[in-house]
> 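Got a structure here, written out as structure tokens. Questions coming.
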Number of protein chains: 4
Amino acid sequence: MGLRERRAREKEARRRQIIDAARSLLFEKGLQATSINQIAKRAELAVGTIYFYYSSKEELFAELQEEGLELLMEKIQQASLAVGDPKERLRSMAMAYYDFSLEHKDYFDIINYFLSSPKVLLSADFKQRVDQRMEKILVFINATFAKGMEKGTLGEQAQESHGVLLLAAFHGLMQFRKFETTIFQGISHRTLYKRAVGHLLDGIDATLG
Amino acid sequence: MGLRERRAREKEARRRQIIDAARSLLFEKGLQATSINQIAKRAELAVGTIYFYYSSKEELFAELQEEGLELLMEKIQQASLAVGDPKERLRSMAMAYYDFSLEHKDYFDIINYFLSSPKVLLSADFKQRVDQRMEKILVFINATFAKGMEKGTLGEQAQESHGVLLLAAFHGLMQFRKFETTIFQGISHRTLYKRAVGHLLDGIDATLG
Amino acid sequence: MGLRERRAREKEARRRQIIDAARSLLFEKGLQATSINQIAKRAELAVGTIYFYYSSKEELFAELQEEGLELLMEKIQQASLAVGDPKERLRSMAMAYYDFSLEHKDYFDIINYFLSSPKVLLSADFKQRVDQRMEKILVFINATFAKGMEKGTLGEQAQESHGVLLLAAFHGLMQFRKFETTIFQGISHRTLYKRAVGHLLDGIDATLG
Amino acid sequence: MGLRERRAREKEARRRQIIDAARSLLFEKGLQATSINQIAKRAELAVGTIYFYYSSKEELFAELQEEGLELLMEKIQQASLAVGDPKERLRSMAMAYYDFSLEHKDYFDIINYFLSSPKVLLSADFKQRVDQRMEKILVFINATFAKGMEKGTLGEQAQESHGVLLLAAFHGLMQFRKFETTIFQGISHRTLYKRAVGHLLDGIDATLG
DNA sequence: AATGAATGAGACTTCATTCAT
DNA sequence: CATGAATGAAGTCTCATTCAT
């Protein structure tokens, strides 16, 4: 049994070695400019070895996307712990997402890349894994909603819709940050984002209350 | 002077011939998979001819993005004409955007591609042209807001922020359509979108009123 | 007759317009990086017009080479006028060549380009024209020798050999300037050149005297 | 360990295969007209394979230049062995250079190409390697000088300058061979060269003696 | 398990030249 | 005379993937 265990551990270590190299390169050069050869060189492994652990470039990047979503989940959870009032808690979570997009810009870009790509880049298997991570985040948001609705009358479906609504709207707002220098005149993107979060939560509140 | 006119017309026709080929390929294969060689082949022109009319792949795609934004602008304007009440008008415009993303999925994808790409793909010149189109849309949304605020007390900046807020939130929501089959269970994406629009406008209304 | 004259003048003006554009581009970007299209743009003429006046890129550059050789000839002649003693005169001419290679680096490069290219780049016609310019320089050097040899006993052939000898040796020395920063240690290229001129003239003098 | 050795040998063989193809093409068509595609075809390898062994066209050609300079060094060394008297030895070395330029015209052309090109074609790294080979030749010439100067009084610098002086002058003379058929009338280039060598050595001798 | 040499299609772009108008 | 649109071969280089060892 010891052998099999050691084998498994070593295998996991190699995967980590590879994903570390891929991540650092991706964050340096961007998604398109990162090649398998470069990853192999940085990981100090042969190209063939990469392909032994990851069947394609796609799979490698999907794993990074999972990483990013997991980190985002953590950040959002932490943000929710700090505050008591559910509405304030949601506001806090929204800002956590905002900060994530700044502090972990690279992960955000990867997530965004896959999120906004029109074509299905990932095969069914990866897509499912990624979707599950995303769903966990949504479920968490919805749970926060649920807690804040003792007086409300919304069913399960309605709650779910609110989670997506918030996440999607926030995500969209984040993408418009690139217009900060050109189109927005005078208002910082952060201010805009905060205001939007307020409007959204107020709007939902009004419906609920 | 007939000659010069005809020349100009022919030149315009060639540009159209090229942009048509580029668009159809882009819509089939996606931005990254579309090459100048393929465009040339589909346009039944030599590669060099493409470069005679467009100095780079970048310029070609920037023009397509402009096309898309112009069409979107038209749709939004048309939608606004139908309704009298400003709030309803905004709702109508939001749905026009939604329909645009379905009916002109290809253009939406191009817009989305450039909007969500982390790196600056376009050089300053093209970026400016595209940004101007985007700004026109925002200005139009803001104008609609302005009309609906006789009783309100918001300054110029606040109005501007509302336009971006709506557009960005709607855009983000659109990107989440791909989860319709996996994460959303039971609710259609359209329903979700409509609900979100309602919440947003209510939220803003609450602030204004 | 007036018409034909004017025509000829205009034609010459056009040629000049083209060669001016070619020269300035060549001096900016180097020989290989200069294209006919660029020349046409700078000359504010159509590409086809260039080809009406110069049958090929080659011919254009050959004309520039002629220009360079003519200028070199002038410089050498001027240098020879300043001094009385033939030996000193040759020394002065040698330094004129050196200065030419610095002050008119671009022309020197063109001359050098054609001189050192292993393949026959120019067609017979151009080659002859260029050779004639080169020969004029040699003839002039030889004439200076001849004047300094009342006491000597060298025949025509020998004189001719001296001209080539000097010109070639000087030219070779010029090409080694690029080692000034790496191989030469402590000696400036100019010093080296001067010393070489001295040795060469002394060597010839010894043979003659 | 047999495997690793064999691998290394095979890799060396491939490099040779490539450099052989490059050399033969270069000698047929000239530097500018030789493309990587052609080299690949002649070497019966894929284009990518060329780039696996040589990271650029530049590196390939730099290696050829090194080859040429090494061969030239050998020829000059051999020539120096045959004769006892230093002055005669230098004469012999000069003729070895002359013969090299005829017998290994192709290598001479490559050396000449890089020597006379105005732009820095090679990046710093390659340039250094080539310069070092050139320096070895100069050092060797200087050593021959040093040996012949028991009676002389020249310092270190002076010796060094003599090496460059001779090499550069000889090289320049070689470039003028192309005028053999047009400008020189009656004198063979070889005769001219010999005479120049004589003058140069006499000139230096006079200074030394 | 791991290696790494080899593939070859395909990427974008340039450019001298032609020719119908 | 002059135009300038059109050509298309050729250029260098990249890269995901394979497979014999």
> D:Ile36 near the nucleic acid: base, sugar-phosphate alone, or nothing, with a heavy-atom cut-off under 4.0 Å?
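Answer is sugar-phosphate: D:Ile36 comes under 4.0 Å of backbone atoms only.
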
> Can you tell me how far P of F:dT21 sits from CD of D:Glu5, to the nearest Å?
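Checked: the CD to P distance equals 18 Å.
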
> Would you call A:Glu28 and A:Arg42 a salt bridge, using N to O less than 4.0 angstrom?
yes

> Between D:Lys11 and E:dA5, is there a side-chain N or O to OP1/OP2 distance below 4.0 Å?
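It does, given that an N or O in the side chain of D:Lys11 lies less than 4.0 Å from OP1 or OP2 of E:dA5.
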
> Would you mind telling me which residue lines up with the more 5' stretch of DNA chain F, C:Ile50 or A:Lys57, judged by nearest nucleotide?
C:Ile50

> Does OP1 or OP2 of E:dG10 have a side-chain N or O of B:Ser35 closer than 4.0 Å?
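No, because none of the side-chain N or O atoms of B:Ser35 sits under 4.0 Å from OP1 or OP2 of E:dG10.
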
> Respond yes when some side-chain nitrogen or oxygen of D:Arg14 is under 4.0 Å from OP1 or OP2 of E:dA6, and no when none is.
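Checking E:dA6 against D:Arg14, a side-chain N or O does come within under 4.0 Å of OP1 or OP2.
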
> Return whichever of C:Val47 or D:Ser55 has its heavy-atom-nearest nucleotide of DNA chain F closer to the 5' end.
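The 5'-side residue here is C:Val47.
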
> What is the distance, rounded to the nearest whole Å, between atom NZ of B:Lys29 and atom C1' of E:dG10?
11 Å

> Side chain of D:Phe52 only, please: which of E:dA5, F:dG4, E:dT3 is the nearest?
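Within the option list, the nearest is E:dA5.
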
> Just compare F:dT17, E:dT17, F:dC13 and give me whichever is closest to any side-chain atom of A:Asn37.
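Of the candidates, F:dT17 comes closest.
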
> Check for a donor-acceptor pair, side chain of C:Lys11 on one end and backbone N or O of C:Tyr53 on the other, with a separation under 3.5 Å.
no

> Among the candidates E:dC12, F:dA5, F:dC1, find the nucleotide nearest to the side-chain atoms of B:Tyr51.
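Taking heavy atoms from C-beta onward, the closest nucleotide is E:dC12.
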
> Looking at B:Arg7, does any N or O in its side chain come under 4.0 Å of the phosphate oxygens OP1/OP2 on F:dT3?
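False: B:Arg7 side-chain N/O out of range (4.0 Å or more) of F:dT3 OP1/OP2.
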
> Can you tell me how far CG of A:Leu69 sits from CZ of A:Phe108, rounded to the nearest 0.5 angstrom?
11.0 Å

> Below 6.0 angstrom between ring centroids: does that apply to A:Tyr107 and A:Phe27?
yes

> Please name the nucleotide paired to E:dA20 by Watson-Crick or G-U wobble geometry with both distances under 3.5 Å, or report none.
F:dT3

> Any base atoms under 4.0 Å from C:Tyr53, or only sugar-phosphate, or nothing? Heavy atoms, all strands.
sugar-phosphate

> Within this structure, what is the NZ-to-C1' distance between D:Lys41 and F:dG11, rounded to whole angstrom?
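Computing the D:Lys41:NZ to F:dG11:C1' distance gives 13 Å.
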
> Taking 4.0 angstrom as the limit, do A:Arg14 and A:Glu10 come out as a salt bridge?
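Salt bridge absent between A:Arg14 and A:Glu10.
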
> Calculate the interatomic distance between B:Ile39 atom CD1 and E:dT13 atom P; express it in whole Å.
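So the two atoms are 11 Å apart, to the nearest Å.
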
> How many Å lie between CD on B:Glu44 and C1' on F:dT7, as a whole number?
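To the nearest whole Å, that distance equals 15 Å.
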
> Identify the nucleotide, in any strand shown, that forms a Watson-Crick or G-U wobble pair with E:dA1, with both distances under 3.5 Å; if there is none, say none.
none

> From the list F:dA16, E:dT17, F:dC13, which nucleotide is the closest neighbour of the side chain of C:Ser56?
E:dT17

> What nucleotide among F:dT7, E:dT3, F:dT17 has an atom nearest to a side-chain atom of B:Leu45?
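Nucleotide nearest to B:Leu45's side chain: F:dT7.
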
> In whole angstrom, give the distance that lies between atom CZ of D:Arg15 and atom P of E:dA6.
12 Å

> Mark yes when over 12 heavy atoms from residues, nucleotides or ligands other than C:Arg15 sit less than 6.0 Å from its CZ; otherwise mark no.
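More than 12 within 6.0 Å, yes.
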
> In this structure, how many angstroms lie between the P atom of F:dA9 and the CD atom of D:Gln38, rounded?
15 Å

> Quick one: is C:Thr49 getting a side-chain N or O under 4.0 Å of the F:dT3 phosphate, OP1 or OP2?
yes

> Find the distance D:Glu59:CD to F:dT12:P and express it as a whole number of Å.
15 Å

> Identify the nucleotide, in any strand shown, that forms a Watson-Crick or G-U wobble pair with E:dA9, with both distances under 3.5 Å; if there is none, say none.
F:dT14

> Counting the atoms with a prime plus P, OP1 and OP2 as sugar-phosphate, which does C:Thr34 contact under 4.0 Å by heavy atoms, base, sugar-phosphate, or nothing?
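Contact class for C:Thr34: sugar-phosphate only.
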
